[in-house]
Number of protein chains: 2
Amino acid sequence: MSWEKSFDVDTALEKSMQVFWSKGFESASITNLIEETGVNRGSLYNAFGSKRALFVKSLLKYDQEYRKTTLAKLEALDQPSQAISRFFDDLVISTVEDTEHKGCFLFNTVLEAQQHDAEVNAIVANGLREIEGFFRRCIEVGQVRGEIRQDIQPESKAKAMLALALAIRVLGRGAYHESALNVIAAEAKSIIA
Amino acid sequence: MSWEKSFDVDTALEKSMQVFWSKGFESASITNLIEETGVNRGSLYNAFGSKRALFVKSLLKYDQEYRKTTLAKLEALDQPSQAISRFFDDLVISTVEDTEHKGCFLFNTVLEAQQHDAEVNAIVANGLREIEGFFRRCIEVGQVRGEIRQDIQPESKAKAMLALALAIRVLGRGAYHESALNVIAAEAKSIIA
DNA sequence: AGCAGCTTATACCGATCAGTATAACAAAAA
DNA sequence: TTTTTGTTATACTGATCGGTATAAGCTGCT
């Protein structure tokens, strides 16, 4: 090898993720990505191949950095009831602090995903499945420990929680304000109350 | 006046609505609209003015024909508990029968809406408010009649129902299948059980 | 020194975008 | 019959799209 890349690929990917996150795949143009990353057109294509490949890498980075780590941290608490409660508290905080109204990259892609390929759909489907799994495990462990009532169906309630989380993030992009989002979050938390 | 329009404006609007519904505003091209409506380019612009104006008319038509009439029919039942139950049953049926995965035009636009103007946002916000209002009124009337428990907060539960309805329609566009949608619908119905 | 490989800027490709212009045509009203 | 008005097909505008090509410059290895 003769030379190392002189721009930071990770930084460029981080910037690309922000662009796709806020604009979506279709609305984000190569020009947007070039301006935001500061990387030359040719270098971008040399490093990532295509717009779609860059999108996939961006989505995977988001999935890794946000979805995965968020759930892992909450699950590491080893306090299932509180983990669920904290999840929705943090979700509303994130949404309210999201002044750009970007929403959640994963949830945004659910809607855009129908026009994407199988690879993107698989990433999204896996992300949703793992969020649902997080809720389910919280409920199950909570039931074992007697924190959560036994008559609650973990699978059903986990699906309802995922649905409410999605709605909070989608409605939080502009249609609903903080007070309404808090109401929905409270309803989500009350599922295991 | 010298001559009447020789193409049916309502039919063209119906077709346009279908195009915007399935593709969204950005992804729907004028060429798509011309092909689908069968109306000439010039005539389309003469009749509707612009792509955005045609989108607004399409969204209003959807709001009138689907959202408004669906809620009105259910409310006319004058059986609040059943109306809510039927709402979610019909929602899942619509979603499952929606083999094109178009989803709900109104909910789809919630996500796309951030990049739209105030007019579109107002239509969407009004639609959401009326759906929520439908749920709230059903609960309130149900409580007056003793069908629904008094300790249920109509406003909060109505918001939760709207959120779950949105999620069903969004997830139904490909991420979730019928069985999972039925689970979420059952959870929505169980709110007043 | 010279090669290799990545950088940059810039220009270009064909395609598509929303929207406009033009001209021939058709039908109803004057 | 002439005027009016909306129809059609077609061509065009300028802009942007994703992606490629090219040429000159920079850096590190041999």
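Lettering follows sequence order; numbering is per chain, from 1.
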Once side chain to side chain donor-acceptor pair (under 3.5 Å) is applied, do any residues pair with Glu155(A), and if so which ones, sequence neighbours excluded? none

Look at Ser43(A) and dT7(C) and indicate whether a side-chain polar atom (N or O) is within less than 4.0 Å of OP1 or OP2. yes

Listed once per pair and sorted, the salt bridge (charged side-chain N to carboxylate O under 4.0 Å, His left out) pairs that draw on residues 41-53 of chain A, sequence neighbours left out: Arg52(A)-Asp117(A)

May I have all residue pairs that pass ring-ring contact (aromatic ring centres under 6.0 Å, His included) and include part of residues 120-153 of chain B, sequence neighbours excluded? Phe87(B)-Phe134(B), Phe87(B)-Phe135(B), Phe88(B)-Phe135(B)

Report the distance from atom NZ of Lys51(A) to atom P of dG18(D), rounded to the nearest whole Å. 4 Å

For residues 159-169 of chain A, run the donor-acceptor check on the side chains, cut-off 3.5 Å, and write out each pair with its distance to 0.1 Å, sequence neighbours left out.
| from | atom 1 | to | atom 2 | distance (Å) |
| --- | --- | --- | --- | --- |
| Lys159(A) | NZ | Glu132(A) | OE2 | 2.7 |
| Arg169(A) | NH1 | Thr95(A) | OG1 | 3.4 |

side-chain hydrogen bond (donor to acceptor under 3.5 Å, both in side chains): which pairs involve residues 180-193 of chain A, sequence neighbours left out? Asp89(A)-Lys189(A), Glu187(A)-Lys157(B)

Within this structure, what is the CZ-to-P distance between Phe48(B) and dA18(C), rounded to whole angstrom? 16 Å

Can you pull out the residues from residues 13-37 of chain A that lie within a 4.0 Å heavy-atom distance of DNA chain D? Ala28(A), Ser29(A), Ile30(A), Thr31(A)

Review item, side-chain donor-acceptor pairs of residues 54-61 of chain A, under 3.5 Å, at least two apart:
| from | atom 1 | to | atom 2 | distance (Å) |
| --- | --- | --- | --- | --- |
| Ser58(A) | OG | Leu54(A) | O | 2.7 |
| Lys61(A) | NZ | Glu65(A) | OE2 | 2.7 |

Partners of Glu36(B) by side-chain contact (heavy atoms from CB on, under 4.5 Å), sequence neighbours excluded? Val19(B)

Which protein N or O atoms sit under 3.5 Å from an N or O of nucleotides 9-12 of chain C?
| from | atom 1 | to | atom 2 | distance (Å) |
| --- | --- | --- | --- | --- |
| dA9(C) | N7 | Asn40(A) | ND2 | 2.9 |

Parallel, tilted or perpendicular: which fits the ring planes of Phe105(A) and Trp21(A), with parallel below 30° and perpendicular above 60°? parallel

Can you tell me which nucleotide in dT20(D), dT7(C), dG19(C) comes closest to the side chain of Asn46(A)? dT7(C)

